[in-house]
K.L.:
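Structure incoming, see below.
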Amino acid sequence: MCTAMMQCGRFQLDLSRPLVMGILNVTPDSFSDGGRFRALDDALAQAERLMRDGADLLDIGGESTRPNAAYVSPQEEMDRVLPVLERLQGAPVPLSLDTRRSEVMRAGLTLGVDLINDVSALEDDGALALMRDSRAGICLMHKQGNPDSMQQRPHYQDVVAEVGDYLRRRVALCLDAGIARERLLADPGFGFGKTLEHNLALLAALPAVAERAGVPLLVGLSRKSMLGAITGEAVAEQRLGASVAAALEAARRGAAIIRVHDVKETRQALQVLAALQQSSLEQDSQK
Ligand code: 7PJ
């Protein structure tokens, strides 16, 4: 468990229990004549649903960073996410923007996003300075290679040490730039240049990763192909059970924020875990 508070734009987040971040992918609906308007309406409806289901944060992304994903230009990325952010301004939960491009970050910050979730850990030119001058939270994620090729030959001597040390270096860079530690999250980046064995080693050793990073962890395991590899389920949308199990194990190993597609189901699982942990504590104190 994590005792920290986190500064996240308009919000101070209490990380003493794991929070659920709902994923909102904004991609154009190519089958509809409605085009962008239809995509915007769909995204807003999905945001409403995630919040109704109990999402503690929303993570809005317009560029797929999945393995082998097609290239999306920065302008296209902005055309997708900015109208959604504009309409969600003032939302009752923190709005996170999933982007690795500083120009997209800049536009998002202008619209008041509370968190920048960067799978490149602020490696893009200008990203660090931009974040220094804002009050948004930052998630620094590890990846090996780039999404177009990262799953070809992932290689590590000691995946837990290397990922943990990378995160520690990115945290140090932020601290040196004058960014408060309370604004930072780190993420081992499940599936980003990692084999199944690497992913499992990282999940099993999550407390060691957090220890090295020195800030609370955000983890994303929802529907990922590692869960397909374990279960044999080829269809991502059919990996709900595996996703909930993975989320629960991440929470048990101290993850502060869990990034998921299925908010309602994940929350239920976390509520059961919390009730059990509470009961264990009470039994221990009666001994
Ligand atoms: C992650 C992410 C993740 C963070 C994606 C997918 C691929 N951001 N963005 N962590 N994954 N922080 O959801 O399958 O694991 S996109």
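Numbering of ligands and ligand atoms starts at 1, following listing order. The model shown is predicted, which means the values in this text are computed figures rather than measured ones.
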K.L.:
What pairs meet the ring-ring contact (aromatic ring centres under 6.0 Å, His included) rule with one or both residues in residues 114-150, with sequence neighbours excluded?
P.N.:
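Every pair satisfying ring-ring contact (aromatic ring centres under 6.0 Å, His included) with a residue in residues 114-150: H142-Y166.
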K.L.:
Without hydrogens or angle criteria, can the side chains of E282 and Q278 be said to hold a donor-acceptor pair below 3.5 Å?
P.N.:
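Yes, side-chain donor-acceptor contact under 3.5 Å.
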K.L.:
Classify the side-chain pair T99/E63 by whether it contains a donor and acceptor separated by less than 3.5 Å.
P.N.:
no
K.L.:
Counting only heavy atoms and a distance below 4.0 Å, can you name the residues contacting ligand 1?
P.N.:
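Ligand 1 pocket, heavy atoms under 4.0 Å: T65, R66, D98, N117, V119, C139, M141, D187, F192, L218, G220, K224, R259.
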K.L.:
Do E77 and S73 have side-chain N/O donor and acceptor atoms under 3.5 Å apart?
P.N.:
no
K.L.:
Is it the case that the side chain of E265 and the backbone of L240 share a donor-acceptor pair, with hydrogens and angles ignored and the cut-off at 3.5 Å?
P.N.:
no
K.L.:
Is there a donor in the side chain of D42 and an acceptor in the side chain of Q46, or the other way round, less than 3.5 Å apart?
P.N.:
no
